[in-house]
Amino acid sequence: MDRECCLEVAAEGAFQLAREREDVMSVFVCGSMAKEPPPAYADVDLRVVIEADQAEASYYEVKRGVPLEWVFVPKRRFDSREELLNASFLAPELVNGVIIYDPMGWLGQVRDEIRSVYGHPSYRIARSQRLLDAARSLYEGIRKRFGAGEAASLWDMRRAIFWAGETPSLLLNDIPNHRRLMVGLKDVGARLNAPELHPMGIETIGATRVERSEVETFFINSLDSITYINSVSEPHHFHLSLDKRDYWEHGITQMLADGYHREAVWPILTLMSAIHPILVSVDTESDHKGRPYRHYLRCRHFWERLGFLSKDNFQQKLVKLDEFIGKADQLIARQRLNSLS
């Protein structure tokens with residue numbers, strides 16, 4: 001995609017939003033489109049800083065053929081420079097982002113103030129530790145529910161695995177997406193002299209024996225089974241609109257074309273998280289929450305094949321995730337020790 005065109009459309013949208021809302025203070029672009037050159041196909045991730053105590057629901061739209069995802073962030077998250085520098089994603093997003101609306105210049109000043117110390121080992125370690133702690137907290141909640149014979153949230157399981165896998169990249173001040181996380185984790189481990197980190201993601205979700213034809217079927221079934229919505233009631237929950245379906249479809253199709261069919265299970269799992277909020281870890285009878293039964297049957301094979309409906313397989317996933325969290329914790333401790341020497 002043409003980066004300059006995308007940034008121009010995003011800036012137009014930011015000015016329009018600021019005209020419509022008096023609480024918009026600044027807007028910046030982060031993610032893949034903030035980099036040069038951008039990927040062949042990517043949406044534009046936008047952070048809208050608002051004068052509010054709480055975040056709002058994000059939403060997705062397409063303007064002049066450019067996919068835009070708007071995420072609202074309260075200004076208070078920028079008030080403390082120390083907290084901002086320790087935040088898992090916000091500091092990297094701002095430092096590496098492109099500010100497109102900042103009439104008072106305050107966000108540019110904030111970025112200038114944190115940029116000089118942003119790469120300091122203490123902050124990289126703090127950001128990584130915070131994300132790993134969040135992954136561990138989710139993991140422990142899932143393990144507790146599993147041990148009590150209760151169903152666990154598929155979305156929480158996906159987040160716990162994904163956050164644990166992202167932790168090493170934060171030590172390098174890099175924020176991975178689905179593709180970079182699964183395809184690039186081996187490289188991240190090599191750069192950190194920690195080859196034991198690879199390949200957590202694929203092994204954890206049981207995709208090592210999945211054939212390409214199966215993944216293609218999983219992909220079609222997931223896209224056909226989602227209830228498409230443009231925004232969400234919870235600010236930090238995944239959502240998928242009809243417009244964003246095109247983005248996901250293109251990205252996963254490209255991964256398949258490049259030979260990464262097992263790695264493509266990861267973004268498909270994210271789609272599945274939107275379809276089915278519960279994974280069953282104790283028995284094989286799943287409550288599909290009133291969703292059309294034919295859709296449930298089409299997607300059930302995905303969960304069965306990857307071991308989400310088997311108590312023994314799910315236990316193995318929890319063991320692998322626990323092992324990876326332990327390895328990441330050791331890596332962070334090693335980085336902390338090296339920073340002191």
Side-chain angles (χ1 to χ4, degrees), residues 3 7 26-39 42 44-49 71 73-100 102 105-136 162-198 200 324-325 327-341:
R3 180 172 180 265
L7 293 179
S26 300
V27 182
F28 66 96
V29 174
C30 58
S32 299
M33 196 53 64
K35 299 180 179 180
E36 182 67 61
V44 182
D45 295 302
L46 294 128
R47 299 293 179 263
V48 183
V49 185
V71 176
V73 185
K75 179 183 176 297
R76 59 177 173 75
R77 294 194 60 189
F78 297 85
D79 289 342
S80 168
R81 302 295 185 265
E82 197 71 15
E83 290 185 13
L84 175 60
L85 283 163
N86 291 336
S88 297
F89 297 115
L90 195 54
E93 288 177 345
L94 177 58
V95 169
N96 298 308
V98 178
I99 298 175
I100 58 175
D102 189 30
W106 78 271
L107 187 61
Q109 182 177 348
V110 170
R111 183 170 66 177
D112 290 342
E113 290 174 3
I114 70 171
R115 182 175 272 162
S116 60
V117 293
Y118 160 76
H120 191 277
S122 63
Y123 293 116
R124 287 191 282 110
I125 291 168
R127 289 192 288 268
S128 300
Q129 189 69 66
R130 178 175 290 190
L131 185 63
L132 187 63
D133 289 345
R136 180 184 287 108
F162 202 84
W163 287 352
E166 286 181 313
T167 296
S169 294
L170 281 183
L171 288 170
L172 299 172
N173 278 334
D174 183 37
I175 303 176
N177 56 23
H178 276 99
R179 181 187 179 100
R180 288 201 304 274
L181 176 59
M182 291 300 102
V183 176
L185 187 56
K186 183 177 181 179
D187 177 63
V188 170
R191 291 166 64 190
L192 292 170
N193 194 26
E196 70 276 8
L197 295 178
H198 182 75
M200 179 274 297
F324 187 88
I325 289 174
K327 291 176 181 178
D329 222 357
Q330 293 172 11
L331 173 62
I332 292 174
R334 200 158 66 232
Q335 293 283 315
R336 184 177 289 113
L337 184 63
N338 291 340
S339 71
L340 297 175
S341 60

Reported [atom1]-to-[atom2] distance for the pair [X] and [Y], which is rounded to 0.5 angstrom:
{"X": "Cys30", "Y": "Leu46", "atom1": "SG", "atom2": "CG", "answer": "7.5 Å"}
{"X": "Ile332", "Y": "Arg127", "atom1": "CD1", "atom2": "CZ", "answer": "12.0 Å"}
{"X": "Leu131", "Y": "Leu170", "atom1": "CG", "atom2": "CG", "answer": "5.5 Å"}
{"X": "Ile100", "Y": "Arg47", "atom1": "CD1", "atom2": "CZ", "answer": "12.0 Å"}
{"X": "Met33", "Y": "Asp45", "atom1": "CE", "atom2": "CG", "answer": "9.0 Å"}
{"X": "Ile114", "Y": "Leu85", "atom1": "CD1", "atom2": "CG", "answer": "5.0 Å"}

Are the side chain of [X] and the backbone of [Y] linked by a donor-acceptor contact shorter than 3.5 Å?
{"X": "Arg81", "Y": "Val110", "result": "no"}
{"X": "Asp102", "Y": "Leu107", "result": "yes"}
{"X": "Arg111", "Y": "Gly97", "result": "yes"}
{"X": "Asp329", "Y": "Ile325", "result": "no"}
{"X": "Arg124", "Y": "Leu171", "result": "yes"}

Run the side-chain contact (heavy atoms from CB on, under 4.5 Å) test on Arg3 and Val98 for me, step by step, so that the C-alpha distance in whole Å, both residues' side-chain angles and the decisive distance to 0.1 Å come before the verdict. CA-CA 11 Å; Arg3 180 172 180 265; Val98 178; 3.6 Å; yes
Measure the shortest side-chain to side-chain distance between Arg334 and Leu192 over non-hydrogen atoms and say whether it is less than 4.5 angstrom. no
Salt bridge check, Asp79 against Arg76: does any charged N sit closer than 4.0 Å to a carboxylate O? no
Take Arg136 and Asp133, measure what salt bridge (charged side-chain N to carboxylate O under 4.0 Å, His left out) needs, and give me the verdict at the end. CA-CA 5 Å; Arg136 180 184 287 108; Asp133 289 345; 3.1 Å; yes
Restricting to non-hydrogen atoms, name the atom on [X] and the atom on [Y] that form the minimum distance, rounded to 0.1 Å.
{"X": "Leu331", "Y": "Ala194", "result": "CD1-CB, 4.0 Å"}
{"X": "Tyr123", "Y": "Val117", "result": "CD1-O, 3.2 Å"}
{"X": "Arg130", "Y": "Ala87", "result": "NH1-CA, 3.6 Å"}
{"X": "Arg191", "Y": "Leu172", "result": "CZ-CD1, 3.6 Å"}
{"X": "Lys75", "Y": "Trp106", "result": "CG-CH2, 4.1 Å"}
{"X": "Pro168", "Y": "Val188", "result": "CB-CG1, 3.8 Å"}

For side-chain contact (heavy atoms from CB on, under 4.5 Å), just list the numbers for Leu94 and Tyr118, CA-CA rounded to whole Å, side-chain angles, deciding distance to a tenth of an Å, and then say yes or no. CA-CA 10 Å; Leu94 177 58; Tyr118 160 76; over 6 Å; no
Any chance you could lay out the side-chain contact (heavy atoms from CB on, under 4.5 Å) test for Glu83 and Arg77, step after step, and finish with the verdict? CA-CA 8 Å; Glu83 290 185 13; Arg77 294 194 60 189; over 6 Å; no
Just checking Glu113: does its CD atom have more than 12 heavy atoms from other residues, nucleotides or ligands closer to it than 6.0 angstrom? yes
